[in-house]
Amino acid sequence: MTVLASSIALVLGLAAPGQASGTQAQAPPSLGVVPSGWVTAAKYPGQVKCPKGDYQLCIDGGPGGFTISGKKFSGHANAILLRNVKNITISGNDFRNLSGSTGYAAIHVKNSSRIVIKKNTFSRLRNGGMMHGVYLVKTSGSSITGNKFSSITGDPVRIRDGSSNNVVSGNTFTKSGRYAMFSEWGRLEQGETCGRGNTFKSNRYGTGYSGKKISLIKWGGRGGGSTGLPLTWGKCNKASIVNRGGNTRI
């Protein structure tokens with residue numbers, strides 16, 4: 001089923017990753033129709049009408065145990081939103097030219113587990129602030145492997161609020177990220193928690209989006225954006241993301 005912009009142009013009731021990178025969305029995005037051939041097909045278990053935020057495919061609950069593959073997503077602020085699910089694989093998809101003032105991430109996951117994101121391409125993702133390729137909130141036991149990230153304004157992989165035991169490995173990062181290739185940020189001053197056991201290993205990497213060298217990992221981020229606090233890192237009692245090595249500079 002072709003998903004048109006007119007059926008999904010709403011504003012998402014979730015905390016925006018833009019806050020995590022020092023900005024906050026201010027207005028609804030300008031909308032366009034997904035070009036012919038750039039379509040989310042098929043009805044998946046747990047698929048729902050997308051909430052606010054200009055998403056193209058939304059899964060909330062359901063049995064999981066299926067794969068989203070071979071799709072192309074473009075022309076909107078975001079692509080996929082997963083909530084309250086487990087055992088879903090997102091593989092071999094193309095996410096490109098996603099932008100808008102409510103742009104958060106190509107793949108936005110909340111309160112989920114065992115999500116496999118592999119062999120996808122993420123390119124030219126941007127918004128009024130810092131957009132991410134993959135954004136995990138309260139999500140654990142997942143893997144992000146063998147993907148290609150390029151020209152992404154925000155940190156290509158971002159986790160938040162207790163996301164734990166996630167692995168980022170075997171990916172290629174070029175001209176992507178503001179602070180790190182893999183980062184953790186949260187409203188720690190409001191009770192959000194740090195994660196644990198997240199790892200970064202065996203990835204290939206270039207520069208950040210600005211063309212300058214950035215960190216491979218940053219964790220325990222707090223402040224920035226509309227929080228009224230300076231943006232600082234390392235605010236967890238223990239490192240919640242660990243670099244396990246094997247990473248290669250491009």
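Small disclaimer: the values here were computed from a predicted structure and weren't measured.
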| task | Report yes if some heavy atom in the side chain of Ser142 is under 4.5 Å from a heavy atom in the side chain of Ser113; otherwise report no. | result | no
| said: My understanding is that only one of Ile115, Thr199, Val116, Asn165 makes a side chain to side chain contact (heavy atoms under 4.5 Å, CB included) with Ser143; could you say which? | reply: Val116
| query | Side chains of Leu81 and Lys110: closer than 4.5 Å at any heavy-atom pair? | reply | no
| request: Kindly say whether Ser151 contributes a backbone atom to a donor-acceptor pair with the side chain of Ser176 at under 3.5 angstrom? | output: yes
| said: So, using ring-ring contact (aromatic ring centres under 6.0 Å, His included) as the criterion, who are the partners of Phe122 when residues are at least two apart? | reply: Phe95, Phe149
| task | Could you check if a side-chain atom of Ile159 sits within less than 4.5 angstrom of a side-chain atom of Val134, using non-hydrogen atoms only? | result | no
| Does Asn84 offer a backbone N or O that forms a donor-acceptor pair with the side chain of Asn111 under 3.5 Å? | no
| said: Show the nearest heavy-atom pair for residues Ala79 and Ala106, with the distance to one decimal. | reply: CB-O, 3.1 Å
| Do any N or O atoms from the side chain of Asn127 and from the backbone of Thr102 form a donor-acceptor pair under 3.5 angstrom? | no
| task | Ignoring hydrogens and angles, state whether a donor on the side chain of His76 or Asp54 is under 3.5 Å from an acceptor on the partner side chain. | result | yes
| CZ of Arg114 to OG1 of Thr139: how many Å apart, nearest 0.5 Å? | 12.0 Å
| field | Nearest-0.5 Å distance, CE of residue Met130 to CD1 of residue Ile152 | value | 12.5 Å
| Is the side chain of Asn147 donor-acceptor paired with the backbone N or O of Thr121 at a distance under 3.5 Å, no angle test? | no
| message | Counting C-beta onward and ignoring hydrogens, is there a side-chain heavy-atom pair between Ile90 and Ile107 closer than 4.5 Å? | response | yes
| request: Take Ile68 and Thr89 through the side chain to side chain contact (heavy atoms under 4.5 Å, CB included) test and state the conclusion after the steps. | output: CA-CA 6 Å; Ile68 301 169; Thr89 297; over 6 Å; no
| Aromatic ring pairing His108/Tyr104, orientation class (parallel under 30°, perpendicular over 60°, tilted between) | perpendicular
| field | Matching residue for Phe173 among Ile250, Leu216, Val168, Asp155 - test: side chain to side chain contact (heavy atoms under 4.5 Å, CB included) | value | Val168
| message | Under 3.5 Å, is there a donor on one side chain and an acceptor on the other for Arg158 and Ser183? | response | yes
| query | Would Lys175 count as a cation-pi partner of Tyr209, with NZ or CZ less than 6.0 Å from the six-membered ring centre and within 45° of the ring normal? | reply | yes
| Gly146 backbone acceptor or donor facing Asn171 side chain under 3.5 Å | yes
| field | Contact check, side chains of Thr227 and Glu189, non-hydrogen atoms, under 4.5 Å | value | yes
| query | Hey, are Asp60 and Arg83 close enough for a salt bridge, meaning a charged N less than 4.0 Å from a carboxylate O? | reply | yes
| request: Could you tell me whether Trp233 and Tyr179 have their ring centroids closer than 6.0 angstrom? | output: yes
| query | With side chains defined as the heavy atoms from C-beta onward, is the minimum distance between Arg196 and Ser164 less than 4.5 Å? | reply | yes
| Backbone N/O of Val242 and side chain of Asn198: donor-acceptor pair under 3.5 Å | no
| said: Walk me through whether Ile144 and Asn166 qualify under side chain to side chain contact (heavy atoms under 4.5 Å, CB included). | reply: CA-CA 8 Å; Ile144 301 165; Asn166 300 294; over 6 Å; no
| field | Closest non-hydrogen atom pair between Leu82 and Ser112, with its separation | value | O-OG, 4.2 Å
| message | Nearest 0.5 angstrom please: Leu98 CG to Gln56 CD, how far? | response | 6.0 Å
| Pairing residues for Lys138 by the salt bridge (charged side-chain N to carboxylate O under 4.0 Å, His left out) criterion, not counting sequence neighbours | Asp161
| message | How long is the straight-line distance from CZ of Phe200 back to OG of Ser215, given to the nearest 0.5 Å? | response | 10.5 Å
| note | When rounded to the nearest 0.5 Å, the distance separating CZ of Arg204 from OG1 of Thr174 is 9.5 Å
| message | Run the side chain to side chain contact (heavy atoms under 4.5 Å, CB included) test on Val137 and Val109 for me, step by step, so that the C-alpha distance in whole Å, both residues' side-chain angles and the decisive distance to 0.1 Å come before the verdict. | response | CA-CA 6 Å; Val137 183; Val109 186; over 6 Å; no
| said: Is any side-chain heavy atom of Arg160 closer than 4.5 Å to one of Glu192? | reply: yes
| Ser140 to Gly162 - nearest heavy-atom pair and separation | OG-O, 3.8 Å
| request: Flag the pair Lys71 / Phe73 as yes when at least one side-chain heavy-atom distance between them is below 4.5 Å, and no otherwise. | output: yes
| Could you state the interatomic distance from CZ (Arg222) to CG (Leu229), rounded to the nearest 0.5 Å? | 6.0 Å
